[in-house]
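One structure below.
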Amino acid sequence: IFRQVCAEHQRRWGSELAEAKPEIVLTRVCDALRIAGLLRGPDARGRVLLLPTAARYRVAYAASEPGPVELLEEQAGFELA
């Protein structure tokens with residue numbers, strides 16, 4: 001799942017994260033979750049616990065400004081594709 005998220009959204013991230021391999025990004029995300037107390041482990045058996053509280057957080061990207069084609073389509077009332 002994480003690789004899919006990276007593939008879909010990585011271009012919107014800052015240059016450092018946008019150029020990083022998914023494994024590096026995942027490590028940084030896990031580190032941040034641990035610091036926030038939302039991720040624990042791995043334990044002696046290799047298990048990790050992601051606390052349900054983490055589900056309360058989400059990311060949203062601001063819609064980009066419409067380009068000239070989108071503006072023309074909006075004015076024309078149909079798609080130009």
Side-chain angles (χ1 to χ4, degrees):
I1 292 173
F2 192 78
R3 287 184 185 279
Q4 291 172 340
V5 170
C6 284
E8 185 175 339
H9 297 285
Q10 205 166 8
R11 62 185 162 73
R12 295 180 176 144
W13 301 342
S15 60
E16 184 180 342
L17 287 177
E19 296 170 1
K21 293 180 179 179
E23 295 80 11
I24 301 293
V25 177
L26 180 58
T27 299
R28 292 184 65 185
V29 168
C30 289
D31 289 346
L33 289 170
R34 279 191 183 91
I35 290 168
L38 300 172
L39 181 67
R40 297 181 184 158
D43 63 11
R45 297 169 82 182
R47 298 176 299 185
V48 295
L49 173 65
L50 180 61
L51 298 178
T53 311
R56 297 189 56 85
Y57 296 92
R58 65 184 174 97
V59 175
Y61 298 103
S64 61
E65 295 292 320
V69 173
E70 290 84 8
L71 290 173
L72 284 173
E73 289 175 340
E74 186 177 311
Q75 290 174 353
F78 58 88
E79 291 186 21
L80 300 173

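Atom CD of residue Gln10 and atom CZ of residue Arg12 lie 12.5 Å apart, to the nearest 0.5 angstrom. If you take NE2 on His9 and CG on Leu17, they are separated by 14.0 Å, rounding to the nearest 0.5 Å.
Heavy-atom minimum distance, Phe2 versus Pro22: CE2-O, 3.5 Å. In terms of heavy-atom proximity, Ala20 sits nearest to Val25 at CB-CG2, 3.8 Å. The minimum heavy-atom distance between Pro42 and Arg34, with the atom names listed, is CD-NH2, 3.6 Å. A pairwise comparison of heavy atoms in Leu33 and Leu50 identifies CD1-CD1, 4.1 Å as the closest pair.
Under a hydrophobic clustering in which Ile, Leu, Val, Met, Phe, Trp and Tyr are joined whenever their side-chain heavy atoms come within less than 4.5 Å, directly or via other members, Leu39 and Val5 fall into different clusters. In the hydrophobic clustering of ILVMFWY residues, with side-chain heavy atoms under 4.5 Å counting as a link, Ile35 and Leu49 come out apart. Under a hydrophobic-cluster definition in which Ile, Leu, Val, Met, Phe, Trp and Tyr are linked whenever side-chain heavy atoms come within less than 4.5 Å, directly or via other members, Tyr57 and Val29 are assigned to the same cluster.
Checking side-chain atoms of Arg3 against main-chain N and O of Glu23 turns up no donor-acceptor pair under 3.5 Å.
Counting only residues at least two apart or on different chains, the side-chain hydrogen bond (donor to acceptor under 3.5 Å, both in side chains) pairs with a member in residues 40-54 are Asp43-Arg47.
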